[in-house]
Amino acid sequence: MEKLSISDARNPEVIGTRAVIQGWVRTRRDSKGGFSFIEVNDGTSLANLQIIADNTLENYEQEIKRLSAGCSVSIEGEVKESGGKQATELLAAKVIVHGWANPEEYPLQKKRHSFEKLREWAHLRPRTNAFGAVARVRNCICQSIHDFYQERGFLYVHTPVITASDCEGAGEMFRVSTVDPENPPRGDSGRVDYAQDFFGRPSYLTVSGQLEAEIYATALGKVYTFGPTFRAENSNTSRHLAEFWMIEPEVAFNDLDDNMDLAEAFLKRIFGDALTKCPEDMDFFNQRIDDTVITTLQKIVESDFIRVPYTEAIDILLASGNEFQFPVEWGCDLQSEHERYLTEQHFDGPVILYDYPRSIKPFYMYVNDDDRTVRAMDVLVPKVGEIIGGSQREDRQEVLESRMREQGLEPEDYWWYVDLRRYGTVPHAGFGLGLERAVQFVTGMQNIRDVIPFPRTPGNAEF
Ligand code: 4AD
Ligand code: MG
């Protein structure tokens, strides 16, 4: 017999079809008329399918009446028009129980648990409405990301997860090594000799695929990466993960304005797709998590992003009269309180800040004629703060080399990166979108740990 997903079985067009649905019981209750109502969910939609199981079914007393939340079932029957709030229901002809879930022990009984508690049950939380909805919206965003770039002729490039270079220069990298920590090989100085390690040099998990994406962009034009990235920063915030996914487009012959245009079109596309392709899940977030998410996304899709130079943003912050925890002055790195003031209070919408001081940005950003600022850009959105970071890249060999030295890097260590400027250099630009920050923004979920299936944060790597 044909299998039907619950999402398909809810479509009135299939009324009259005989099919099998398979999933996990959410609730079961007796009805006066001598039958049971069973609510089943299979993850294909937020809503359950209601099953009518008559007491004449052969396993009614021994099995069907014992069904409780978490039990897995296959149910054969006919899709009928429903008198309830759903359009359809299934009249069961046969109920097969695959697995029981002892109601005395199963943690996801009726009682609602906090998101903090559910983090302890990362193996069960996708069975809840909220985590099912997050998983579907996250999937929709990923599809939309690929659609956006593929439709525009970008090539999807796989950059390495293991690398020897520190792209962001922040030194927040996880070491990848096979040396025996109890008895490492040592050089003459007594220090660990990584020349004898697996890769013959110190190696790490990547913080960004950008440098390698630049290699492909300066050969193939328009590329993007989409992969896991790692940061060993010890920040226990609601917006930081030690392992997260980043999308990094890189485009030859683009300048900073082109880069901003691309970032704006990109965000509008994924926000718009979430609204049109996941309406049921988005309604759920709007009702249960944050009653502004839908209107906020709609407004963003329809309006232009404000673009403001860093210097002007500093003036706005200074003129705000706000007491910030971190003092504001030209040259300071913006803290999340500053970013949030700008995007939430001052502009009340997405803002692209650009032309940051050179001293607070990595070596690869293009130095402006004023010699004090670089062609950097950050896209800030309400509640989440920085969602995208990017720049036009330094394409002049001498300037790049001097910027590297200025930041304590040896151009020889990045000889291949310098070569891109030595041979056929071109203006080019790109940025990185943190996937989880995007999912957080779209769903309104407050903690980034609840929008990735298995969050990696300081002290947490159990599942
Ligand atoms: O601003 P970042 O550090 O930029 C780069 O890595 C550049 N190499 C990107 C490029 O130009 N190709 O990171 C980019 C984005 C941030 O704006 C944020 O959305 C996300 O990655 N991000 C994090 N997300 C979760 N947890 C963390 N610890 C993150 N750090 C950055
Ligand atoms: Mg950044």
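As the structure lists them, so they are numbered: ligands from 1, and atoms in each ligand from 1. Source: prediction; values computed, not measured.
- Counting heavy atoms only, Arg231 comes closest to atom 13 (O) of ligand 1 of the residues Arg393, Gln392, Glu172, Arg231.
- Backbone or side-chain N, O or S atoms of Asp378 do not reach the Mg ion (ligand 2) at under 2.8 Å.
- Classification of the Tyr341-His346 ring pair by plane angle, with boundaries at 30° and 60°, yields tilted.
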* Kindly indicate, with the supporting measurements, whether the criterion salt bridge (charged side-chain N to carboxylate O under 4.0 Å, His left out) is fulfilled by Asp378 and Lys361. => CA-CA 11 Å; Asp378 275 1; Lys361 290 293 184 185; 3.8 Å; yes
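- Of the candidates Tyr149, Phe266, Phe148, Phe226, Phe154 forms a ring pair (Phe, Tyr, Trp, His ring centres under 6.0 Å) with just one, namely Tyr149.
- Residue-level proximity to ligand 1 for Glu248 is carried by the side chain, the only part with a heavy atom below 4.0 angstrom.
- At a threshold of 4.0 Å, the pair Arg307-Glu264 counts as salt-bridged, since one of the basic side-chain nitrogens sits closer than that to a carboxylate oxygen.
- For ligand 1 and Arg239, the ligand atoms under 4.0 Å from any heavy atom of the residue are 25 (C), 26 (N).
- Within the 4.0 Å heavy-atom criterion, neither part of Glu250 lies near ligand 1.
- Nearest to atom 28 (N) of ligand 1 by heavy-atom distance, out of Met365, Met246, Glu233, is Glu233.
- Under the 6.0 Å distance and 45° angle rule, Arg127 does not count as a cation-pi partner of Tyr106.
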* Given side chain to side chain donor-acceptor pair (under 3.5 Å), test Gln210 with Glu214 step by step and report yes or no. => CA-CA 6 Å; Gln210 177 197 323; Glu214 285 186 54; 2.9 Å; yes
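- Each of the atoms 6 (O), 8 (N) of ligand 1 lies under 4.0 Å from some heavy atom of Ser208.
- If you look at Ile388 next to ligand 1, the close heavy atoms, those under 4.0 Å, all belong to the backbone.
- Compare Phe244, Trp245, Tyr364, Phe441 by their heavy atoms: the one nearest to atom 25 (C) of ligand 1 is in Phe244.
- Heavy atoms of Ile387 found under 4.0 angstrom from ligand 1 belong exclusively to the backbone.
- The shortest N or O to N or O distance between Cys167 and ligand 1 is not below 3.5 Å.
- Note: no N/O pair closer than 3.5 Å links Ser391 and ligand 1 by distance alone.
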